Each structure stands twice: as structure tokens, then as C-alpha cells.
Amino acid sequence: MITLTDFMLVSAALFCLGLFVVVSKKNAIQVLIGIELMLNAAILNLVAFGKYDRVNNGGQMFALFAIILAAATTAVALAIILNVYRQYKTIDPDKINRLKD
Amino acid sequence: MNILTLLIFIPVVFGLIILVLPSSLRVTFKYITLLATFVQLCLGIKMYLDFKTGPSFAGISNINQYQFVQKLPWINLDLGGAGKLQIEYFIGVDGMSILLLVMTTLVMVVAAVASWEIKSNLKGFFALFLLLDMAVIGVFCALDFFLFYTFYELMLLPLYFLIGMWGGVRREYAAIKFFLYTLFGSVFMLLVMVGLYMSVKDPVTGSHTFNIIYMMNPKNYIDGSVFSVLANGSILGMPARTVGFVVLFIAFAIKVPVVPLHTWLPDAHVEAPTPVSIILAGVLLKIGGYGIIRICMGIFPEVAHNQAFWLGLLGVVSILYGAFNALAQRDLKRMIAYSSVSHMGFVLLGIASSTTEGISGAMMQMVSHGFLSTMLFFLVGVIYGRVHDRDIYNFRGLASLMPRYTVYVMVAFFASLGLPGFSAFVAEAFSLIGAFKSQTVNGLLPQWMAVCGSIGILLSASYFLWTLQRMFFGQMSLKGGEFWKIALTDLNIRETATLLPLALIALLLGVMPSLVFDKLNESVLAMVSFLSGK
Amino acid sequence: MTATVANIDNSQIVTLVLTAVTLPFVAFLINFLLLQKSKVSGWVSTAAILCSAILAVKILIALWNQKPITAQFAWFQIGITRYYAGIWLNNLSVLMLALVPLIALPVHIYSTAYMKHDSGYGRYFTYLSLFCFSMMALVVMRSMLLMYAFWELVGFSSYLLIGFWYTRESAAAANKKAFIMNRIGDIGLLVAIMIIYAMFHTFNMDRIFGEAGLIRKSSINGLVWTTLFEHMSAYWQYVAAAGLFLAVAAKSAQFPLHTWLPDAMEGPTSVSALIHAATMVAAGVFLLGRFLPFFNGTELHILAIVGCLTAFMAATIALTQNDLKRILAYSTISQLGYMVMGIGIEAYPSALMHLVTHAFFKCLLFLVAGIVIHEMKHIKEENNLDIDPQDIRHMGGLRKKLPLTFLVTIIGALALIGLPLTSGYLSKDGILIHSFEWSEDNVNRFAFVPVMAVITTWITAFYVTRMVVKVFFGELQLLKSNPALSLHLTDGGLLYKLPLIFLALCSLFPLFSFNPLSYEHSWLFNGLASNFLVQKNNYHLFVPIIVGLGSVTTMYMAYLSYGKHKWAFPQGGFFNRLSSNEWYIDAFYSRVVVKGVLAFSCALYWFDKNIVDGLVHLLERIGLFLSRVSAWFDKYIVDGLLHTVAAIVEAIGNFARRFQNGKVQYYLYSMLLAVVIVFVLKLLIWS
């Protein structure tokens with residue numbers, strides 16, 4: 001029997017993985033992948049907790065919504081990365097510090 | 001116009017004239033100053049001649065017996081619930097002050113003549129000089145404590161600048177030392193003055209008053225006030241009136257100066273220019289003695305009576321200590337400065353005895369020392385002005401080079417060491433006789449004090465004669481060689497004209513002491529009976 | 001208080017006295033103001049003293065053995081007490097009043113010649129007149145205060161005259177020494193006067209010491225001294241007596257204050273003759289005469305012993321001195337010792353008589369010394385020798401060159417020794433005889449006093465003979481070393497001779513007594529001996545014989561030793577050194593007393609500079625230190641607080657700024673950190 005806890009453990013592991021990738025990788029694409037992982041961890045939670053709403057299936061609904069949103073943001077993010085690359089000729093987030101201004 | 005007011009403020013008028021005149025006329029400044037002091041001298045002599053004597057003009061504690069009185073309201077403030085602030089311009093003289101006044105006017109003329117040696121910043125010098133002149137005259141005339149204090153403090157300002165700007169090598173040190181020393185005394189005097197003001201009521205108007213004469217009468221004290229005789233108030237656990245007396249005494253003792261509060265004097269005298277030394281020794285020291293008689297003993301007679309032993313002791317110590325120190329000096333001016341300490345010790349001893357002989361002798365000593373120290377400092381100034389050196393060992397055999405100068409030095413020295421025929425003899429003899437008699441008359445001073453004091457006369461002979469021997473007798477040999485020999489010319493007419501009257505006055509007072517005593521007697525008698533509480 | 005005198009009115013007498021006293025003062029004024037450079041000054045002074053002398057003798061004749069006269073006028077007033085200036089004329093004072101100008105007159109005349117070539121001629125007579133005035137005023141004054149005044153003026157004029165040649169170092173040192181030592185005596189006198197005035201309420205000496213004076217109504221009971229007016233501890237009576245003794249010792253050069261007199265010989269010899277032999281030094285004895293009733297028995301005994309000791313000591317010192325004037329100076333001290341002893345043994349008339357006779361013969365001897373020194377100086381200058389003209393070792397054989405001088409010297413010397421037919425015999429015998437009687441009265445407790453006095457006369461005879469022999473007999477010693485000397489010696493003119501002859505005559509007996517062997521018949525003795533009982537006993541016979549024989553023997557011995565060179569004192573022994581070094585008293589004073597006082601004064605000055613003034617400076621330092629502390633406090637504490645706040649804000653800002661470095665991942669770190677912290681805090685606080 002797969003319990004809710006198992007889902008949440010997987011989800012937490014996924015989240016941590018994502019977080020690690022986000023803060024450690026020197027490549028913006030990988031960071032983006034980390035973000036996707038963290039999003040997926042959240043979506044997994046949504047799905048898992050969806051069992052408490054069997055009438056409207058709110059969990060699944062929001063999961064779908066989030067996936068779509070994630071796809072959209074990824075597209076935007078990729079576009080930003082592309083532009084950053086054009087600007088700085090690199091996508092290493094450490095080298096890009098103009099954000100402090 | 002009141003002659004006293006005229007006397008006080010004439011110098012200010014002339015001082016203003018000097019300030020207004022352009023600096024291109026600076027050669028006239030000394031003549032203007034001389035004129036001012038000379039007018040003062042004439043007024044002083046006129047007052048001396050007009051001064052009435054007799055039991056009804058004794059002065060001291062009787063307000064109606066003062067002469068040349070002027071009384072004007074000066075500062076009157078209605079303080080509402082706290083009563084009225086009453087400060088008066090109240091001046092007048094009695095036998096004690098008239099003599100010192102006349103002496104001062106004469107010393108001022110001499111000091112003005114001695115100012116010829118001043119070469120720099122004449123306008124400032126003479127303006128300050130005249131301001132000082134006003135202040136010292138004012139001190140002797142003031143009968144209102146506030147007025148007295150004003151003049152007393154006003155003296156310090158010009159003196160500070162006169163020493164600090166026209167003095168010798170260490171002038172700043174001397175000026176500051178002098179200023180702080182004196183200020184130290186007078187600040188506490190201010191406190192006592194305020195305390196007295198709060199304690200005393202004017203019997204006529206009923207408001208608080210600074211009137212010194214009213215302060216002498218125990219009836220004018222408000223019941224239960226700090227300094228009331230009956231209330232036995234205390235300050236910090238000590239009897240209030242004793243504290244008041246001691247504080248005032250310290251203030252004036254610094255001026256006298258009494259050992260151990262004397263150390264400003266050698267420095268100030270040595271560093272000051274000659275005219276200022278003359279005023280310091282001739283007049284300022286007398287303000288100390290006058291203050292002790294008029295203020296300390298006048299306002300706190302019973303404390304003075306109780307503490308007479310200590311006053312006498314300080315007097316004796318000053319006599320001996322000053323004399324021994326004078327013996328050890330090799331700077332001529334410093335020696336004379338210490339001799340002043342010694343001679344003023346007789347004043348304190350005489351005053352402490354509270355006998356007619358003692359107080360008369362003390363007053364005589366003040367007058368006599370006024371003239372003699374003036375003469376001594378003037379004489380030092382003569383030699384210093386010529387070669388800028390005063391070290392006793394740098395001169396030898398001056399008598400052959402400057403015979404007239406030597407005659408005046410001998411006159412001044414012998415007069416100072418109390419040779420009969422000169423004023424100091426009568427003064428010192430009667431100070432000592434008074435001190436000795438005190439045991440049998442009022443039991444204040446033990447007899448050994450007078451005996452010890454007389455040793456001071458011996459010591460004064462030692463240091464003066466030793467100096468004569470070292471500087472004036474023997475084969476001539478000068479440190480500066482031929483150059484000094486040319487520079488050391490004998491006295492010129494201006495100097496002779498200054499010294500001769502002083503020598504003659506010292507002689508005249510010695511032969512006819514009645515010139516002083518006749519004016520003094522009634523006041524001294526009144527003072528003695530006042531001190532003994534009758 | 002006034003007494004009528006036959007023939008002469010009182011006020012006339014007073015006028016005469018005042019005139020006599022004032023004349024020298026007038027001469028002083030004239031000389032001082034007008035005649036400093038003029039040779040007339042000598043004659044002005046001489047004329048003044050001549051008139052004074054005539055007047056004084058007239059007064060002496062008129063008032064001798066009459067009732068005392070007093071006169072006074074108010075001088076000044078202190079409080080209610082009047083002080084008078086007045087004169088008190090009794091036998092003592094009129095005698096002294098006559099003596100002073102009588103001695104001064106020959107000295108003045110002598111000086112006009114003696115000082116003729118000195119550049120300070122006018123100054124000399126100015127001082128001399130001042131001295132005569134002070135001395136004459138001193139002896140007639142009635143008020144103790146005025147007497148003190150003139151007492152000091154006498155010292156002052158002596159100061160001026162000793163230092164007359166002020167360019168000499170030794171003269172300048174000597175006059176200072178003389179004045180300061182006299183000052184010690186003055187202090188004593190002043191203290192005594194203070195005490196007496198406090199006790200008797202008057203300065204008038206005749207009221208205190210005169211006939212039926214106040215002193216007779218005072219007494220000492222146990223430890224309390226009582227007079228009509230006051231009572232005081234008896235110690236003060238002793239202090240007053242000690243003060244008077246100091247005064248006498250200083251003026252009359254008694255032990256221990258005698259050392260100024262030999263040094264005072266630095267003055268011109270004529271001055272030594274007048275002041276340091278005849279008049280001023282006698283003032284101490286005169287003072288004793290005036291204050292005599294004040295002393296009680298013990299105090300008089302002490303006086304007698306000190307006088308005797310001084311006489312003996314000075315005589316022994318005179319034995320070995322080689323300076324002519326110093327010998328005479330020590331003989332003066334010795335004779336003054338006799339006088340003081342005479343007062344001490346209550347031989348008042350003899351003591352004062354000795355004062356008078358001594359004045360004449362000692363003045364004579366000094367004037368002779370002046371001539372001898374003058375001539376020696378003459379030889380010295382003429383032959384360009386480097387010698388001390390006062391050293392008797394260079395002299396000798398002057399008998400033939402200076403016959404008159406020699407003759408009067410013999411008279412003076414015999415009078416000084418005290419051989420019959422001279423005045424010295426009359427007065428000295430009186431003292432010696434009475435000293436034996438006095439010793440007997442005191443059950444011989446003080447037997448050494450008369451014995452010592454007699455021995456002293458023998459010593460006196462010896463040293464006087466030595467001096468005379470060395471100066472006048474034999475051959476001129478200088479010729480031995482310089483055989484080619486040119487000598488032009490004379491007695492000098494009339495101005496030298498007249499004074500000598502006059503004084504020599506006064507040194508013989510007729511002036512004092514017509515019986516050359518008996519002092520009791522002297523008018524002088526009888527005039528002074530009003531309360532004095534002359535005893536009849538064997539002393540009057542034996543003492544003169546013993547003294548005379550002894551003196552002649554020692555004179556002969558001295559003649560043998562110095563004239564014939566038959567024998568000589570062993571040189572270099574202890575007594576010889578003691579004598580020639582003047583008993584080491586002066587050395588003791590200069591090494592111990594003077595050095596001590598100077599060291600003490602230097603120590604006090606050090607104390608003044610470093611301790612008293614040091615305290616002031618310490619206060620100054622403390623003030624400065626306090627001000628620095630408060631400045632520091634103000635700067636670092638008060639102001640520092642403000643700065644700390646600013647610094648904290650700045651530090652926080654700097655810290656926060658570090659988080660905003662523009663790196664995305666860093667922001668994430670921070671976020672994570674913040675979340676973790678919040679989480680941890682939440683765990684810690686809320687659980």
C-alpha cells in the first residue's frame with residue numbers, strides 16, 4: 001500500500017534535489033531544470049493530496065494548471081536565458097550580478 | 001562734586017583721553033598720565049589738610065563719623081517676594097584710609113614717572129595704568145562691600161595685562177600665577193559677601209544691604225541668619241562666623257602677602273616692569289592690610305579676637321621667613337620682594353595685637369613701607385634699565401661709579417632696615433611694642449612673638465648690608481666690563497626728582513611721626529575699643 | 001622733677017644743652033649739603049665741636065653735683081599716650097656730654113691735617129659731625145626710645161666711618177660686621193625697652209631709674225615680677241637684663257660680641273681714636289650707668305665675670321698681635337672689660353672714672369699710632385716698598401725721629417698700664433681695690449675675678465711695653481732689609497702736636513685729683529659716688545703696691561725680651577696660637593654662625609621654591625590633570641556615545657549590504673538561510 005507519506009517523502013526528496021540544483025549549478029539551464037524539479041515536487045503533493053477531494057478532483061485540476069503554468073514560465077525563462085546569453089555571452093549565474101543595481 | 005569721587009574717577013577721564021588720542025601723539029601719553037596722577041596728588045594733599053580730627057571723626061563702626069562721604073543708590077532692583085536688592089555707591093574715609101589714600105596718590109606719581117622706561121604699546125599701557133589707578137583708589141574709599149569688591153576685582157584686570165604684556169622673560173607665568181592666586185582668594189570672598197548680604201539689614205530701609213558699616217553692628221543682623229552673632233550658625237559643621245573670617249582673611253592674606261600664601265609675589269615683582277612693581281609693592285600689598293583691618297576685623301571682631309594668636313603667629317613667621325629668604329637671594333629685585341614679605345609681617349603682628357601701639361605701628365608701617373618699597377623698586381629699575389641685569393654678584397664697587405645713586409640706595413636700605421630717623425623705625429618699634437604689650441593689655445599675643453619679631457630687624461640689617469657690601473663697595477668690577485661702565489650713568493634729573501621727595505618723606509615721617517599719628521589716633525582708639533567689644 | 005640751680009636758669013641750661021648737641025648736626029647739614037668737595041668742611045666741623053666743647057664744659061661746671069634737670073616737649077601721640085622728647089641731665093650725662101666734645105675736639109683738629117690729602121675730606125667731616133651729634137644726643141636723652149634711636153645712629157655713623165674707604169674689600173666687610181654685631185645688641189636693647197615700657201608704662205628713664213624712680217617700687221617675688229602697674233613672669237626681667245647685656249656687649253665690645261672692634265680698625269686712625277677707643281664703645285658702659293638700678297645681684301655678678309673674662313681674654317690676645325692698631329683695639333676691649341666689671345662689682349664711680357680717663361689716654365695712643373702709621377706709609381711710598389705700614393715688626397727706633405710722639409706715647413702707655421702719677425692709675429686702682437672688697441663681701445665665691453683682674457694688669461703692662469719697645473726702641477727694622485732707605489720723618493705740624501699735648505696733659509693726674517695716689521680724693525669720683533661708701537681697709541695699701549710692682553716687673557721682662565733680646569716666648573705653642581688667632585672666636589663665628597645662618601636661609605629658600613611654591617605648582621598640576629581627564633571624558637565618553645550609535649548603524653548597513661551582491665543564487669541562499677533561521681527560532685521559542 002502506498003501511503004500519503006510515501007508520496008510526500010518522494011516529493012520532499014525531489015524538492016531538495018531541485019533546491020540543490022538551483023543553488024549549486026553554474027549553468028542557468030540546469031538551474032531552470034532544478035526549478036522544474038521543485039515544481040514537480042509541488043505538483044506531486046497536489047496530486048497526492050487530491051485524494052481528499054474526490055468530488056471535484058481539485059488536486060488533479062490544480063496539478064494540470066500548475067503544469068501548464070510551469071511550461072509557460074519555462075518558456076519565458078528560456079527566453080530570458082537566451083537574452084542573458086546574448087547580453088553576457090555566458091549563462092553562469094555567478095557572472096551575472098547586475099541584478100544588484 | 002564730591003572730592004573723593006573726583007579722586008577716584010580722574011584717572012578714568014584721562015585714560016579715555018589717551019584712548020581717544022591718535023597713536024601719533026604717543027609721546028604725550030606719559031605726560032597726560034603724569035598730569036592725572038599729579039592732579040590726584042594735589043587732591044590727596046588737600047584732603048589730608050582738610051581732614052578733621054577729633055573724637056567725633058573717628059570713623060570705624062560709626063557711619064556718621066566718616067568724612068568726604070558720598071552715598072548714591074547704584075543698583076536697586078525690586079525682587080518682589082525676596083525683598084529689594086540694595087547696592088549703593090557709598091564712599092567715605094576715616095583716619096585709617098585717608099593716610100593710605102594720600103600715600104597711594106604719591107606712589108602713583110612716582111610710578112607714572114617710572115613709566116618713562118616703557119617703550120612699546122604706550123596707549124595700552126597708560127590706559128591700563130590709569131584704570132588700575134582708579135581701582136586702587138576706589139578700594140580705599142569704598143564703604144559698600146559690593147563696590148569694594150568691584151574695585152577689588154577691577155584691579156586684577158589691568159594688572160594681569162600690565163605684567164603679562166610689558167613684563168620680563170617669564171611674564172606670562174608670573175601674570176597667570178598672580179591672577180589665579182588673587183582670584184582664588186576673591187572668589188570665596190564673593191561667597192562670604194553674599195552670605196553677609198543675606199544676613200544684614202539696613203536699619204533705615206529694612207532691606208538687605210552691602211553696607212560695610214552696618215555689617216559691623218551685631219544689631220543689624222537678621223535673627224537666625226548665617227552670620228548672625230547670636231544665631232551661632234554653622235557652615236559644614238564649623239562656626240559660620242569663623243569660616244567667614246577665615247575666608248576673608250585668606251583673600252586678603254594673599255594680597256599682603258602672608259606666608260605661606262606669598263609665592264606669587266616674588267615672581268610677579270620680578271617679572272613686572274618697574275612702575276607695576278612699584279604699584280604692587282607700594283599700594284597693592286597695603287590693600288591686603290587695609291582689608292584685614294577694615295573688613296576682616298571690622299565685620300568679625302570677636303573672631304579676630306579669638307584667632308589673634310594665629311594672626312600674630314603668621315605675622316612672626318612672615319617676618320622671619322621673608323627675611324631669611326631675602327638673605328638667600330642673588331637677584332636684587334627678588335631680595336627686595338622677599339623683604340616686602342618680611343616687612344608686611346610687622347603689619348600683621350601689629351594688627352593682631354589689637355593694642356593702640358600695635359595698630360598705629362602697623363598703619364605707620366604700611367604708609368612707610370609704601371614709600372620705601374616704592375623707592376627700592378625704583379632704584380632697582382634704574383640699574384635694570386641701564387644694563388638689563390639685576391644679579392647682585394654681577395656688580396661690584398658701584399659706589400665709585402654712581403655715587404649719587406649709592407647715596408639713595410643707602411638711604412633706602414637704611415630706612416628699610418629701620419634706622420632711627422626714618423619712618424620704618426617708629427613703625428616697627430611700635431608694632432613690636434604693641435605686640436609685646438598685648439599680653440598685659442588684652443592677653444592676645446604671647447610675649448615671645450614680639451621678641452622673635454625683633455630678630456627680623458637684625459636679619460633685615462644683614463641682607464641689606466650684605467647687598468651693599470657686595471654691590472656697592474669694594475673695587476669696581478662689572479660683569480659687562482667697559483660696556484656696562486659706560487651704560488651705568490649716575491642718576492639723571494628725572495630720577496633724582498622722584499627719589500628725593502620719597503627720601504625726604506621717609507625722613508620726615510621718621511622725625512615727625514605725628515604727621516601720621518595725629519590723623520590716625522581717633523580711628524585707632526575707636527578700632528581698639530570696637531575690637532575689645534565695648 | 002625740676003630743680004633750681006644757683007645762678008643759671010633751668011631753661012637757659014636746657015637751651016645751652018640743646019645748642020651744644022645741635023651744633024655738630026648743623027655742621028653735618030652744612031657739610032652734607034654744601035661742602036662735600038670743599039676743604040672748608042673740616043673747619044666747619046671743628047668750629048662746631050669747639051663751641052660744643054666750651055658749652056659742654058660750662059654745663060658740666062654748672063650742673064656738677066647739682067640736682068638732676070629734666071626737660072621735655074611732646075613729640076607725638078599714639079592713642080591717648082603722649083610720647084616726649086626730652087633731656088635728663090644728671091652727673092653722669094653732663095660728664096659724658098662734656099667728655100665727648102673734649103675728646104672729639106683734638107681728634108677734629110688732628111683730622112684736618114691727617115685727612116688733608118684724602119679725596120673724601122668733606123665726606124669724612126660730614127660723617128664725623130654726624131657721629132658727634134648722635135653721641136652727644138645719646139648721652140642726654142631722657143626717653144628710652146630716643147636713646148635707642150641715637151644709640152643706633154651712633155652705630156650707623158660708625159658704620160659710615162669704618163667703611164670710609166669703601167673701595168677696600170676689608171673695610172666694606174668690617175663695617176658690615178660692625179653694624180650687624182651692633183644690631184644684635186640693638187635688638188637686645190629694643191627688647192629690654194619693650195619689656196620695661198610694658199612694665200612701667202613710660203619711656204622716661206628718670207621716672208624709672210631716677211631718684212625715687214618706679215624701679216624702686218618694683219619687686220620680684222618668687223616667679224612674679226611686680227611693678228606699680230603690671231605684673232609679669234620674672235623671666236622677663238632676666239630677658240630684659242640679658243637684652244641690656246647684649247646691648248652693652250655689642251657696643252662696648254664685650255665677649256661674645258667683641259670681634260667687630262678689631263676689624264673696625266679698617267677706618268681712618270683718627271676715627272678709631274674717637275669712636276672705637278674713647279666715645280662710642282663707652283656708650284655701653286654709659287648705658288649700664290643709666291640702667292644700673294634695673295640689674296639685680298646675680299645679673300651684676302654675671303656682668304662682673306663677663307667683664308673680667310673679656311679684660312683677660314683681650315689682654316692675652318694683644319700679647320701676640322703685630323698690627324699696631326689691632327693691639328690698641330684689643331687693649332680697648334680689655335679696658336672696657338674693666339669698666340663693665342667695675343659696674344658689675346658695683347664700683348660704679350670707679351668704672352665711670354675709668355671710662356673718662358681711658359677715653360683720654362686711649363685716644364692719645366690712637367692718635368700716636370696714626371702718626372706712626374702715617375710716617376711708615378710715607379716711607380713705604382717714598383721707597384716703593386711692599387709692606388704693611390701698620391705692622392710693628394717693621395718699626396723700631398722711632399724714638400729719635402719722633403721725639404714728641406715718643407714722649408706722649410710714654411705718658412699714654414703709663415696711663416694704660418696704670419702706674420702712679422697718671423690718670424689711669426687713679427681709676428684702675430679704684431676698680432681693682434673694690435673688686436677685692438666685693439669678693440670678700442661675696443664670701444670669696446668669686447675670688448678669681450679680682451685675681452684675674454690683677455693678672456690682666458700685669459699682662460697689660462707687658463704688651464704695652466712690647467708695643468712701645470718695638471715701635472720706638474732699637475733700630476728701624478726696615479733698615480736691616482733695605483739699608484738704603486731714605487727717611488724723612490717728623491712729628492708733624494702744630495695740628496698734630498697740639499692735640500697730642502692736650503691729650504697727654506689730660507692723661508696725667510692733676511685733671512682728676514690733686515693727690516696722685518688716692519682716687520678717693522678725685523672730684524670725679526666723689527661726684528659720681530653719691531651712694532658709694534669708701535671702706536677703709538688694707539686693700540687700699542696692698543693692691544696698688546702689688547699691682548705696681550708686678551707691672552714694673554713685667555715691663556722690665558718685656559723690655560729684656562723685645563729691647564735687649566735676652567729671652568723670647570716659645571713660638572708656635574698652644575697658648576701662642578690661641579692668642580695670635582684671637583681665641584678662634586672670630587673663626588668660629590664666620591665658619592659656624594655666619595655659614596650656618598646662610599645655609600639656613602638657603603635651605604629656607606629651597607623650601608620656599610620647592611615646597612611652598614611646589615605646593616602651588618602641585619595644585620596647578622592637579623588642576624591641569626583634572627582638566628585633561630574631563631577633556632578626555634568629554635571627547636571619548638560623552639561624544640563617544642553619539643559616535644557609537646552612528647557606528648552601529650553603519651555596521652548594520654554594511655552587513656546588510658553584503659547580501660545584495662546581484663547574484664541570484666546568493667539571494668536564494670539568503671532566503672534559505674532566513675527560512676531556516678525562522679524555522680529554528682520558531683522551534684526554539686514556541687516549543
Side-chain angles (χ1 to χ4, degrees), chain B residues 177 180-181 259-260 262-264 266 321 323-329 355-357 360-361 397 399-400 414 417-421 425-426 429-430 432-433 436-437 439-440 447 450-451 454-455 457-459 461-462 465-466 468-469 472-476 512-514 517-518 520-521 524-525 528, chain C residues 74-81 83 145-146 148-153 156 159-160 163 166-169 171-173 175-176 179-180 182-184 186-187 190-191 193-195 197-199 229-233 236 239 243 597-598 600-609 612-613 615-616 620:
Chain B
K177 193 171 180 184
L180 289 183
Y181 237 118
V259 174
H262 65 284
T263 55
W264 63 269
Y321 188 87
F324 272 116
N325 268 304
L327 200 55
Q329 301 308 318
T355 54
T356 41
E357 285 91 348
S360 300
S400 333
F414 275 97
L417 63 82
L419 188 76
F425 164 68
V426 183
F430 277 96
L432 291 174
I433 286 171
F436 191 85
K437 256 185 89 173
Q439 180 68 36
T440 49
Q447 285 123 332
V451 178
S454 64
I455 294 173
I457 297 183
L458 171 66
L459 289 171
S462 311
L465 292 191
W466 196 29
L468 265 186
Q469 185 204 347
F472 293 91
F473 299 151
Q475 285 298 330
M476 183 165 54
M512 293 168 65
S514 48
F517 289 137
D518 282 353
L520 197 60
N521 276 336
V524 170
L525 283 175
V528 170
Chain C
W75 184 25
F76 61 91
Q77 182 176 359
I78 288 184
I80 46 169
T81 320
Y83 296 91
L145 196 66
L146 274 171
Y148 174 82
F150 285 105
W151 176 268
E152 266 207 34
L153 274 182
F156 172 65
Y159 169 86
L160 291 174
Y166 55 82
T167 49
R168 284 193 200 166
E169 303 289 344
N175 70 348
K176 177 197 65 179
F179 195 86
I180 290 176
N182 271 300
R183 252 289 150 115
I184 298 175
D186 296 348
I187 299 303
L190 184 65
V191 169
I193 289 176
M194 282 190 320
I195 295 171
Y197 176 69
M199 290 303 285
F229 308 103
E230 302 281 353
H231 55 87
M232 212 185 260
S233 165
W236 289 106
V239 171
V597 169
L598 283 183
F600 181 66
S601 72
C602 284
L604 264 191
Y605 180 51
W606 180 90
F607 177 81
D608 193 60
K609 213 162 58 175
V612 181
D613 212 20
L615 273 176
V616 176
E620 174 205 319

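Side-chain atoms are counted along with the backbone in the values below, which use heavy atoms only and exclude waters and symmetry mates. Every value quoted in this text rests on a predicted model; they were computed, and no experiment measured them. Letters A, B, ... are given to chains in the order of the sequence lines, protein chains preceding strands, and every chain is numbered from 1.
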| Given the options L417(B), V259(B), L180(B), which has more heavy-atom pairs under 4.5 Å with chain C than any of the others? | L417(B)
| So which of H231(C), M199(C), E620(C), M194(C) has the biggest tally of heavy-atom pairs under 4.5 Å with chain B? | M194(C)
| message | Applying side chain to side chain contact (heavy atoms under 4.5 Å, CB included) to L468(B) and F179(C), what does each step give before you reach the verdict? | response | CA-CA 12 Å; L468(B) 265 186; F179(C) 195 86; over 6 Å; no
| request: Let me know if M232(C) has heavy atoms under 4.5 Å from chain B in its side chain, its backbone, both or neither. | output: side chain
| Heavy atoms, side chains only, cut-off 4.5 Å: are T440(B) and F229(C) in contact? | no
| query | So which of L153(C), T167(C), V191(C), L146(C) has the largest heavy-atom pair count under 4.5 angstrom toward chain B? | reply | T167(C)
| query | Among G79(C), S233(C), C602(C), A173(C), who wins on heavy-atom pairs under 4.5 Å with chain B? | reply | G79(C)
| Hey, what do you get for NZ (K609(C)) to OG1 (T263(B)), rounding to the nearest 0.5 Å? | 13.0 Å
| remark: Bottom line for S400(B): the part with an atom under 4.5 Å from chain C's heavy atoms is both
| query | If you count heavy-atom pairs under 4.5 Å with chain C, which of W466(B), Y181(B), F430(B), F472(B) comes out on top? | reply | F430(B)
| query | Taking the six-membered ring for Trp, are F607(C) and Y321(B) parallel (under 30°), tilted (30 to 60°) or perpendicular (over 60°)? | reply | perpendicular
| said: Do V451(B) and W236(C) make a side-chain contact, defined as non-hydrogen atoms from C-beta onward lying under 4.5 Å apart? | reply: yes
| said: What verdict does the side chain to side chain contact (heavy atoms under 4.5 Å, CB included) test give for F473(B) and N175(C), after you've listed the backbone C-alpha separation in whole Å, the side-chain angles of each residue and the deciding distance to 0.1 Å? | reply: CA-CA 11 Å; F473(B) 299 151; N175(C) 70 348; 4.0 Å; yes
| Distance (rounded to the nearest 0.5 Å) between F425(B) CZ and E152(C) CD | 6.5 Å
| field | Selection from G243(C), A172(C), A603(C), A198(C) maximising heavy-atom pairs under 4.5 Å formed with chain B | value | A172(C)
| Any side-chain heavy-atom pair of Q77(C) and F517(B) under 4.5 Å | no
| message | If you compare all heavy atoms of K176(C) against all heavy atoms of L465(B), which two are closest, and at what distance to 0.1 Å? | response | CG-CB, 3.8 Å
| Heavy-atom pair of closest approach, residues A328(B) and S601(C) | CB-O, 3.4 Å
| field | Region of E230(C) that comes under 4.5 Å of a non-hydrogen atom in chain B | value | side chain
| CG/D186(C) to CG/L458(B) distance, rounded to the nearest 0.5 angstrom? | 9.0 Å
| said: Please classify the contact of I184(C) with chain B as side chain, backbone, both or neither, using a heavy-atom distance under 4.5 Å. | reply: both
| task | Check whether I195(C) gets within reach of chain B through its side chain, its backbone, both or neither, counting any heavy atom under 4.5 Å. | result | both
| task | Name the option with the most non-hydrogen atom pairs under 4.5 Å to chain C; the candidates are V524(B), V528(B), L525(B). | result | L525(B)
| message | Nearest 0.5 angstrom please: I80(C) CD1 to N521(B) CG, how far? | response | 10.0 Å
| Which residue out of L432(B), L327(B), L459(B), T356(B) racks up the most heavy-atom pairs below 4.5 Å with chain C? | L327(B)
| query | Is the closest side-chain heavy-atom distance between F76(C) and D518(B) below 4.5 Å? | reply | no
| field | Portion of A171(C) that has a non-hydrogen atom of chain B nearer than 4.5 angstrom | value | neither
| said: So for W151(C), is it side chain, backbone, both, or neither that comes closer than 4.5 Å to the heavy atoms of chain B? | reply: neither
| note | Comparing D613(C), D608(C), V612(C) against chain B, the one with the most heavy-atom pairs below 4.5 Å turns out to be D608(C)
| Closest non-hydrogen atom pair between I78(C) and S360(B), with its separation | CG2-OG, 3.3 Å
| said: Once rounded to the nearest 0.5 Å, what's the spacing between atom CD of E169(C) and atom CD of Q469(B)? | reply: 7.5 Å
| note | Interface check, chain C: of G418(B), P266(B), G397(B), most non-hydrogen pairs under 4.5 Å belong to G418(B)
| said: Rounded to the nearest 0.5 Å, what separates atom OG1 in T81(C) from atom CD in E357(B)? | reply: 5.5 Å
| query | If you count heavy-atom pairs under 4.5 Å with chain B, which of Y148(C), F156(C), W75(C), F150(C) comes out on top? | reply | F156(C)
| Between Q447(B), Q475(B), M512(B), which shows the greatest number of heavy-atom pairs under 4.5 Å with chain C? | Q447(B)
| field | Steps toward ring pair (Phe, Tyr, Trp, His ring centres under 6.0 Å) verdict (F436(B), Y197(C)) | value | CA-CA 9 Å; F436(B) 191 85; Y197(C) 176 69; 9.8 Å; no
| said: Between V616(C) and chain B, with a heavy-atom cut-off of 4.5 Å, which part of the residue counts as in contact: side chain, backbone, both or neither? | reply: side chain
| Contacting moiety of L615(C), where chain B heavy atoms sit under 4.5 Å | neither
